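Accompanying notes for the structure given below.
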Amino acid sequence: MSSVQETAYDPQNIFARILRGEIPAHTVYEDDHTLAFMDVMPQGEGHTLVIPKAPARGLLDAEPASLAAVAATVQRVARAVKAAFAADGLTVFQYNEPAGGQTVFHLHVHIVPRFDGVPLKRHEGGMADPEVLKDHAARIRAALGAN
Ligand code: AMP
């Protein structure tokens, strides 16, 4: 762990459990270093998360190579998400520590499609219908395949 951050990584966090296959996720993309899947409490249609496979609590303790892999996947998935939902724009964000709004302590980047005049929904506002998430994941995977 880097000296810039003092709180330890908890391997029982929910995203670590998704990475180990202990709990399911609606996956849209995976490579050797990153995983992208649907946020279960979307702040907008198509809200997707990108995480590194290497353990990191947040931005400050991640290895630069892992961050670079996440950035590349964020761009790749963001392009597909924008195409899949015919979005006018995208909001991309990342929180660090409770004071920064973080609730799951494995580094993750949010990608939310945006539409002119449509506000972002509340953070963790409610669980989405799993069938809807399944359909949205399939749309994004199809757009990734078309890229
Ligand atoms: P934050 O740590 O504040 O950036 O937010 C964590 C995000 O993870 C929230 O948007 C949650 O809706 C989302 N989330 C929590 N549990 C799961 C899960 N099991 N699968 C997918 N997304 C999740």
Side-chain angles (χ1 to χ4, degrees), residues 1-2 4-64 66-85 87-115 118-145:
M1 187 172 67
S2 157
V4 294
Q5 196 166 27
E6 290 172 3
T7 310
Y9 178 81
D10 174 8
Q12 295 308 323
N13 77 75
I14 201 144
F15 294 167
R17 298 188 63 204
I18 286 174
L19 283 169
R20 291 195 296 268
E22 293 170 6
I23 59 168
H26 297 283
T27 299
V28 301
Y29 176 79
E30 180 169 13
D31 62 23
D32 288 348
H33 304 291
T34 63
L35 181 72
F37 54 94
M38 305 313 295
D39 193 304
V40 289
M41 289 178 267
Q43 289 184 255
E45 271 207 331
H47 185 164
T48 305
L49 301 173
V50 175
I51 67 173
K53 289 189 173 176
R57 187 172 160 92
L59 181 71
L60 301 184
D61 62 328
E63 293 296 331
S66 185
L67 281 180
V70 167
T73 297
V74 166
Q75 185 190 50
R76 185 176 197 146
V77 172
R79 286 175 172 157
V81 165
K82 188 170 183 292
F85 293 88
D88 299 313
L90 296 162
T91 296
V92 176
F93 57 98
Q94 188 269 324
Y95 295 146
N96 296 278
E97 300 303 319
Q102 187 176 13
T103 61
V104 176
F105 299 98
H106 181 110
L107 172 66
H108 53 282
V109 176
H110 298 256
I111 301 169
V112 190
R114 299 302 302 278
F115 302 90
V118 179
L120 210 55
K121 285 192 209 156
R122 199 161 61 80
H123 191 46
E124 301 194 312
M127 293 287 283
D129 179 344
E131 284 304 311
V132 170
L133 292 181
K134 187 177 165 192
D135 172 65
H136 287 177
R139 280 162 67 173
I140 298 167
R141 283 198 305 272
L144 278 164

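Remember, predicted model here, so these are calculated numbers, not experimental data. Numbering of residues begins at 1 and proceeds along the displayed sequence. Counting starts at 1 for both ligands and their atoms, following the listed order.
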Inset, instruction - Report the distance from atom CG of L49 to atom CZ of F15, rounding to the nearest 0.5 Å. - result: 5.0 Å
Legend entry - Ring centroid separation H108 to H106 under 6.0 Å: no
Legend entry - ligand 1: protein residues within heavy-atom distance under 4.0 Å: I14, F15, I18, F37, M38, D39, V40, M41, L49, Y95, G101, Q102, T103, V104, H108, H110, H123, E124
Inset, instruction - Not counting sequence neighbours, which residues clear salt bridge (charged side-chain N to carboxylate O under 4.0 Å, His left out) with R122? List them please. - result: none
For residues 34-41, which side-chain donor-acceptor pairs fall under 3.5 Å, sequence neighbours excluded?
| residue | atom | partner | partner atom | Å |
| --- | --- | --- | --- | --- |
| T34 | OG1 | D31 | OD1 | 2.8 |
| T34 | OG1 | D31 | OD2 | 3.3 |
| T34 | OG1 | T73 | OG1 | 2.7 |
| D39 | OD1 | M41 | N | 2.8 |
| D39 | OD2 | H47 | NE2 | 3.4 |

Let me check something: any side-chain donor-acceptor pairs from residues 133-144 under 3.5 Å, sequence neighbours excluded? List them with distances.
| residue | atom | partner | partner atom | Å |
| --- | --- | --- | --- | --- |
| R139 | NH2 | A84 | O | 3.4 |
| R141 | NH1 | T27 | O | 2.8 |

Inset, instruction - Mind checking the CD-CD spacing from E97 to Q102? Nearest 0.5 Å is all I need. - result: 5.5 Å
